[in-house]
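As the structure lists them, so they are numbered: ligands from 1, and atoms in each ligand from 1. No hydrogens, no waters, no symmetry mates; every other heavy atom, side chains included, goes into these values.
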Amino acid sequence: MNTNKNWKINLLNFTNESFINLTKIFKEKKFISKQLNTYIYKKDITNFEKIDNIKKKFIENLKKISEIRKLKIIKEYIDLDNTIKLVIKTEKNIIETVAIPNSKNHFTICISSQNGCALNCAFCSTGKNGFYGNLKPYEMISQIIMAKEKIKNIFEKKKITNVVLMGMGEPLLNLDNVLAFISILSNENALDINKKKITISTSGITNKIKKISENNIPLALSLHSTDNTIRSKIMPINKKYPLKSILNECKKYLSNSNTLTIEYILIKDLNDSDKDINNLIDLTKKLKCKICLIPFNTIPNSPFKSPNLEKIIAFQNKLKNNKIIVNIRKRRGENINAACGQLSGKINNKYDKN
Ligand code: SF4
């Protein structure tokens with residue numbers, strides 16, 4: 001229990017259910033929960049004084065115990081391809097959020113789910129910079145609100161259509177907070193993002209996939225190798241949850257009418273051989289999923305390189321020839337270290353605008 005007299009509940013942590021419970025506690029009508037959601041998420045109000053058509057007495061009481069407080073941006077970068085990277089101060093550390101233009105008027109937001117990451121994957125900057133704790137729902141919601149504001153200020157009419165939990169951290173190791181965040185994100189009275197357009201990416205935390213399946217949330221599995229020895233080398237978590245256990249869980253996940261994507265970072269001379277392609281074809285046919293190939297993005301002090309374009313396209317074509325749906329992820333925000341695997345939670349003066 002927090003004993004600080006000035007401590008207040010942050011309403012940005014509240015799911016629809018929490019708002020309904022709040023109105024019950026105050027003996028108010030249930031529809032007020034909907035109004036509060038609308039004020040906070042549709043009208044972007046953070047100041048209780050601006051809430052004008054809910055009973056004044058209730059708002060005054062609410063103000064005594066609660067606040068609407070988002071995080072703060074400490075740095076922002078915009079790449080030539082209009083990808084935006086926000087560097088954000090959290091309660092415990094610094095995180096990064098990326099807004100990626102995915103068509104003329106739409107953006108995908110890549111959010112962080114933890115302060116850093118404890119899993120230390122060899123191809124990822126986040127893993128090299130330590131773990132500082134989980135993010136609360138309001139810290140994830142803040143990333144969306146701030147990205148939305150930034151996009152509106154810079155591009156006016158552009159809209160957020162997709163959200164991917166592929167930034168810093170392993171979402172399945174912060175699952176309760178992630179599910180609360182998704183509940184707020186997909187609530188039609190709050191941020192109203194279609195659940196089918198929200199994707200959770202996991203390194204394969206087997207015992208948590210069932211919960212994602214029950215909630216029918218699209219899943220992306222960071223596979224990166226079909227060989228346990230190589231996978232354990234680049235993803236130490238594979239020693240705890242080896243391929244067989246992950247793939248069994250993915251089969252169960254798919255049997256519940258869910259959508260699975262396999263992400264495969266292509267690393268030169270490590271996982272790009274003909275044998276790797278054939279193993280990936282076998283595995284994909286068993287799972288009935290699509291594949292996203294990600295050419296390795298450069299990170300500091302890494303021995304890895306991406307294969308050349310010719311080899312990447314040949315890899316893709318062999319999969320296509322086997323009737324597998326496969327795309328190559330475009331490099332976005334690479335000049336501002338915002339591409340896949342490059343988020344570090346550090347301010348890099350090399351990219352500063354000032
Ligand atoms: S790839 Fe994901 S799970 Fe691995 S260290 Fe980076 S953030 Fe963590």
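Between the side chains of N189 and N16, no donor-acceptor pair is found at a separation under 3.5 Å. Counting only N and O atoms by type, the side chains of N256 and S213 include a donor and acceptor under 3.5 Å apart. Side chain to side chain, Y138 and E91 meet the donor-acceptor criterion of an N or O pair below 3.5 Å.
Within the 2.8 Å limit, C121 places no N, O or S atom next to atom 8 (Fe) of ligand 1.
With respect to the salt-bridge test (charged N to carboxylate O, under 4.0 angstrom), the residues D274 and K318 qualify.
Proximity to C124 (heavy-atom distance under 4.0 Å) selects the following atoms of ligand 1: 1 (S), 5 (S), 6 (Fe), 7 (S). Short contacts between ligand 1 and G127, defined as distances under 4.0 Å to a heavy atom of the residue, involve ligand atoms 5 (S). For ligand 1, the atoms lying closer than 4.0 Å to a non-hydrogen atom of N120 are 5 (S).
Atom 7 (S) of ligand 1 has as its closest protein heavy atom G169 N, 3.5 Å. The nearest heavy-atom contact from the protein to atom 3 (S) of ligand 1 is C117 SG, 3.7 Å.
L86 and M166 end up in different hydrophobic clusters when Ile, Leu, Val, Met, Phe, Trp and Tyr side chains are linked at under 4.5 Å.
No more than 12 heavy atoms of other residues, nucleotides or ligands shown are found within 6.0 angstrom of NZ on K24.
Contact annotation for I237 and ligand 1: no heavy atom of the residue comes within less than 4.0 Å of the ligand.
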